[in-house]
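What follows is a short report on a single structure.
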2 protein chains.
Amino acid sequence: MEPTRNDPIPHPAVRRLSLYLRQLESFKRKGRRTISSRQLGESLNFTDAQVRKDLAYFGQFGHPGVGYLVDDLIAQLKHILGTDKTWNVALIGAGNLGRALMAYNGFEAKGFHIVAVFDADSAKIGQRIGPFDPDKRTYLIQPISELKSTIDQMGVRLAMLAVPVDAAQEVADRIIEAGIRGILNFAPTSLNVPEEIALNAVDLAVQLEQLSFQVNFATVGAANG
Amino acid sequence: MEPTRNDPIPHPAVRRLSLYLRQLESFKRKGRRTISSRQLGESLNFTDAQVRKDLAYFGQFGHPGVGYLVDDLIAQLKHILGTDKTWNVALIGAGNLGRALMAYNGFEAKGFHIVAVFDADSAKIGQRIGPFDPDKRTYLIQPISELKSTIDQMGVRLAMLAVPVDAAQEVADRIIEAGIRGILNFAPTSLNVPEEIALNAVDLAVQLEQLSFQVNFATVGAANG
DNA sequence: GGATGTGAATGCATTCACAGCA
DNA sequence: TGCTGTGAATGCATTCACATCC
């Protein structure tokens, strides 16, 4: 009988998986072929036990006495995270932040392709808007009304939401209805979405606020990430 | 005898404080004068007990039978987070992401002023670079060698690091030596900093990777935020 | 020796449940 | 009655420590 993974996986463990992958790719570039849980952990200020336990939630990837094979573990983690294949992503909002996201190389490198850009501003629709970087491609801005047909056609399941805060909830509702399964929300507001929709939030001002607290308060004693 | 706050404050509680503040400001705009822990919690999908306990780490702000006074709690939270006064912030890196950060209104609104921009690219130094938004001010790009005198002069303690991944650690070392106390790191790499330096990281690709996992894996059962 | 994988122990964070106050 | 603030209880996540394997 197969072990059919279904014990509870701590959410923090999944977050760390991405960091392990990032470190492993860096170790790989430096020519490392194997790595121990201790070394991987040290590079991120985690304990060795933490690393082993996190990985063990998903399988047995290590070799006693040896450690983990870097290439192998990279492949395993990509598979677990679902980034062993590419994802088509929609960008909603072609303002400043949206244009910066168009220009960001890090997405392509990880297999996330921005394949369509939408905006509510009728002045932008039909235009080809580029990121600021002239080396990069431009994107045809589509009206949100075309979202459904476009994402169906292109198999888009993820969206980055970079619209003004007042529009965020309404737009979120619409893109979910159109079939989006996961949203990365950049608007500084809390979105209500059905339970089956994945949601992650990036609020830049909140991040600075946290730093403010740490610097003020913990003249000694702040943690880091 | 004063209660001299020094029991341990859970880090997750501090993160939520920022979200409470954001919600309170939204409730204030809608004209609310008081709010209960239940209502505040519901707006963020937290329990009422969570809200009360988080706030109680910092003082007694509520009124039994009434709830919390919105204006008062906003003021208290700003004071706790250190955003009741303004902060001068340095931006390191004037590439695409850097320029998007220059354009982002959300920082000013929360009292964070970008007062200086640095870059290693000698072609950019001395130029006035604007964000893409033509309504906004431009910034004089300075060489990193001037960081120390500029931040001393302007009392800068926080920095946003938007430089390429290969430069990130070296630049971090330099700005810490120059007196920066807190860093918001946008480079997709793990930085080593002394314990007394506050560090927060925003890795956009990691955020998408987490969505990928949630969408793939948890066809039913992902959490949100 | 040097490493993993994992039950058991610890340590944190969240939730419960209720006394107390308006 | 309606709500806060808070010890006590629960539930999670992390760490320990060791059997096991190369």
Side-chain angles (χ1 to χ4, degrees), chain A residues 3 5-20 24 27 32-70 72-73 76-77 80 210 218 221-225, chain B residues 3 5-20 24 27 32-70 72-73 76-77 80 210 218 221-225:
Chain A
R5 272 241 62 281
N6 67 343
D7 25 280
I9 293 170
H11 255 251
V14 180
R15 268 185 269 126
R16 286 188 297 266
L17 245 42
S18 283
L19 302 182
Y20 298 149
L24 285 164
F27 280 116
R32 287 296 301 268
R33 321 260 20 175
T34 73
I35 192 158
S36 67
S37 58
R38 168 184 294 269
Q39 294 167 318
L40 183 51
E42 250 166 27
S43 75
L44 289 158
N45 294 115
F46 302 154
T47 67
D48 56 332
Q50 177 91 83
V51 173
R52 290 199 301 280
K53 177 99 5 173
D54 285 346
L55 297 175
Y57 287 117
F58 299 94
Q60 306 202 156
F61 307 129
H63 302 269
V66 176
Y68 301 85
L69 305 181
V70 172
D72 180 51
L73 189 52
Q76 300 275 7
L77 290 181
I80 293 164
Q210 294 288 305
N224 66 42
Chain B
R5 269 241 62 281
N6 67 343
D7 24 280
I9 293 169
H11 254 251
V14 180
R15 266 184 272 127
R16 286 188 297 265
L17 244 43
S18 283
L19 302 183
Y20 298 149
L24 284 164
F27 280 116
R32 288 296 301 268
R33 321 261 17 176
T34 72
I35 192 159
S36 68
S37 58
R38 168 183 295 268
Q39 294 167 318
L40 182 50
E42 249 165 29
S43 75
L44 289 158
N45 294 116
F46 302 153
T47 66
D48 56 333
Q50 177 91 80
V51 173
R52 290 198 302 279
K53 175 100 4 172
D54 285 346
L55 296 176
Y57 287 117
F58 298 93
Q60 307 202 157
F61 307 129
H63 302 269
V66 175
Y68 301 85
L69 304 182
V70 172
D72 179 52
L73 189 52
Q76 300 276 7
L77 289 181
I80 293 164
Q210 294 287 306
N224 67 43

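Numbered from 1 within each chain, the chains take letters A, B, ... in sequence-line order.
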Notebook entry, point to check: Rounded to the nearest 0.5 Å, what separation is found between the CG atom of D54(A) and the CZ atom of R52(A)?
Noted result: 11.0 Å
Checklist line | Atom pair distance, as rounded to whole Å: CD in Q39(A) and P in dG2(C) | finding: 12 Å
Item checked: Q60(B) CD to dC21(C) P, straight-line distance once rounded to whole Å -> 11 Å
Notebook entry, point to check: dT14(D) P sits how many Å from L44(A) CG, rounded?
Noted result: 14 Å
Notebook entry, point to check: From dT4(C), dC21(C), dA13(C), pick the nucleotide closest to the side chain of P10(B)?
Noted result: dA13(C)
Checklist line | Length of the line joining L55(A):CG and dT15(D):C1', which is rounded to integer Å | finding: 16 Å
Check: Are Y57(A) and L17(A) close enough, and set up right, to give a side chain to side chain contact (heavy atoms under 4.5 Å, CB included), and what steps lead you there?
Finding: CA-CA 11 Å; Y57(A) 287 117; L17(A) 245 42; over 6 Å; no
Margin query: In this structure, how many angstroms lie between the C1' atom of dC3(D) and the CG atom of D48(B), rounded?
Written below: 10 Å
Check: K53(B) has a side chain; which of dG20(C), dT4(C), dG7(D) sits nearest to it?
Finding: dG7(D)
Next item on the list: Provide, to the nearest angstrom, the distance between the OH atom belonging to Y20(B) and the P atom belonging to dT4(D).
Entry: 12 Å
Next item on the list: Report which part of the nucleic acid G62(A) touches: base, sugar-phosphate, or nothing (heavy-atom distance under 4.0 Å, all strands).
Entry: sugar-phosphate
Next item on the list: Using the closest heavy atom to pick a nucleotide of DNA chain D for each, name whichever of D54(A) or A49(B) lands nearer the 5' end.
Entry: A49(B)
Notebook entry, point to check: Any idea which of dT14(C), dG5(C), dT14(D) is nearest the R16(A) side chain?
Noted result: dT14(D)
Notebook entry, point to check: Closer to the 5' end of DNA chain D via nearest nucleotide, is it H63(A) or V66(B)?
Noted result: V66(B)
Next item on the list: Taking only the side-chain nitrogens and oxygens of Y57(A), find out if one of them lies under 4.0 Å from OP1 or OP2 of dC12(D).
Entry: no
Notebook entry, point to check: In whole Å, what is the span from the CZ atom of R38(A) to the P atom of dC16(D)?
Noted result: 11 Å
Next item on the list: Can you tell me the distance, in whole Å, between the CZ atom of R52(B) and the P atom of dT14(C)?
Entry: 15 Å
Next item on the list: Say whether, by atom type as modelled, one donor and one acceptor occur between the side chain of Q39(A) and the main chain of S36(A) under 3.5 angstrom.
Entry: yes
Margin query: With heavy-atom distances below 4.5 Å as the criterion, would you say the side chains of F58(A) and Q76(A) are in contact?
Written below: no
Next item on the list: Check step by step if side chain to side chain contact (heavy atoms under 4.5 Å, CB included) holds for L55(B) and Y20(B).
Entry: CA-CA 10 Å; L55(B) 296 176; Y20(B) 298 149; 4.2 Å; yes
Margin query: What's the closest nucleotide to the side chain of Q50(A) if the choices are dC3(D), dT15(D), dA3(C)?
Written below: dT15(D)
